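Order of listing sets the numbers, starting from 1, for every ligand and every atom in it. This is a predicted model, so every value here is computed, not measured. Residues take their numbers from the sequence shown, with the count starting at 1.
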Amino acid sequence: MSITSNINELHKELDPIGVQLIAISKTKPNEDILEAYNAGQRAFGENQVQELVAKYEELPKDIEWHLVGHLQTNKVKYIAPFVHLIHSVDSLKVLEEINKHALKNNRIIDCLLQVFIADEDTKFGLDHAELIELFRDEAFSTLKNIRIRGLMGIASNTENERIVKEEFYELKMLFDGIKATYFRKEDSFDTLSMGMSSDYTLAIEQGSNMVRLGSTIFGKRVIKHYKNN
Ligand SMILES: *Cc1c(COP(=O)(O)O)cnc(C)c1O
């Protein structure tokens with residue numbers, strides 16, 4: 001299967017059910033991204049700030065760039081001018097920094113809060129209590145240049161479908177609860193980013209409306225060890 005046919009097949013599957021496809025292009029060369037682009041794909045995601053910035057500079061300017069990997073406060077300034085959606089916000093501190101640089105760039109930056117749902121301790125994200133603490137914090141309500149669009153989560157890396165399903169279910173319930181409690185009047189809280197190549201069908205069954213697919217589109221990645229950015 002070519003990248004072009006993978007993109008076409010996925011859009012045929014996802015567009016009618018209102019699920020947005022983010023093509024995760026980390027480690028992939030520009031020519032692969034351009035092939036997906038020429039098939040009509042516009043939303044691409046990276047997990048490293050440096051790689052995201054380099055690709056933004058080299059590739060067509062109507063690409064919507066998503067950051068899906070951990071974001072440190074000192075890296076926010078590099079992506080603030082152009083980033084379309086940050087999926088991986090996991091603290092009020094990072095959110096404040098994004099707000100500061102969004103203001104400098106005279107924009108409002110869309111963000112998702114990453115929630116920890118996996119039963120592994122290697123993954124980033126807020127737990128339920130931290131999430132609610134953040135919404136209740138007075139400092140949060142003063143941030144006018146960020147817009148919280150929803151939640152993101154990464155399920156456990158396991159063959160056990162029941163566990164993955166439960167984790168997605170739990171995140172959907174949390175999403176609905178947060179929406180009803182803190183975003184009742186804001187239609188823009190509308191995005192639930194969950195599902196990767198191995199589990200996106202399960203994620204959609206549980207209510208995901210944004211999936212982040214890398215290997216399903218571009219093929220397997222060569223295993224590479226990245227330092228966390
Ligand atoms: C790499 C990555 C993906 C895509 O992974 P695939 O298994 O290749 O689909 C999705 N989300 C995040 C946060 C990632 O880092």
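- One option in G219, S198, S197 has a heavy atom closer to atom 9 (O) of ligand 1 than any other, and that option is S197.
- At a heavy-atom cutoff of 4.0 Å, ligand 1 is contacted by the side chain of R221 but not by its backbone.
- Contact annotation: the side chain of Q48 never approaches that of K26 to less than 4.5 Å [non-hydrogen atoms, C-beta and beyond].
- Among K220, K26, M152, Q48, the residue whose heavy atom lies nearest to atom 1 (C) of ligand 1 is K26.
- Using cut-offs of 30° and 60° for the angle between ring planes, the Y56 and F82 rings count as parallel.
- Near L213, the atoms of ligand 1 lying under 4.0 angstrom from a non-hydrogen atom of the residue are 9 (O).
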### Evaluation steps, side-chain contact (heavy atoms from CB on, under 4.5 Å), between S88 and V68
CA-CA 6 Å; S88 41; V68 300; 5.7 Å; no

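- With Y37 as the aromatic partner, R42 meets the cation-pi criteria of under 6.0 angstrom to the ring centre and within 45 degrees of the ring axis.
- The environment of CZ in F135 is crowded: more than 12 heavy-atom neighbours from other residues, nucleotides or ligands sit within 6.0 Å.
- Backbone and side-chain nitrogen or oxygen atoms of T216 are examined, and none is located within less than 3.5 angstrom of a nitrogen or oxygen of ligand 1.
- At a heavy-atom cutoff of 4.0 Å, ligand 1 is contacted by both the backbone and the side chain of V68.
- A distance-only check finds no donor-acceptor pair linking the side chain of E57 to the backbone of L59 [under 3.5 Å].
- For ligand 1, the polar-atom distance check finds no N/O of I154 at less than 3.5 Å from any of the ligand's N/O atoms.
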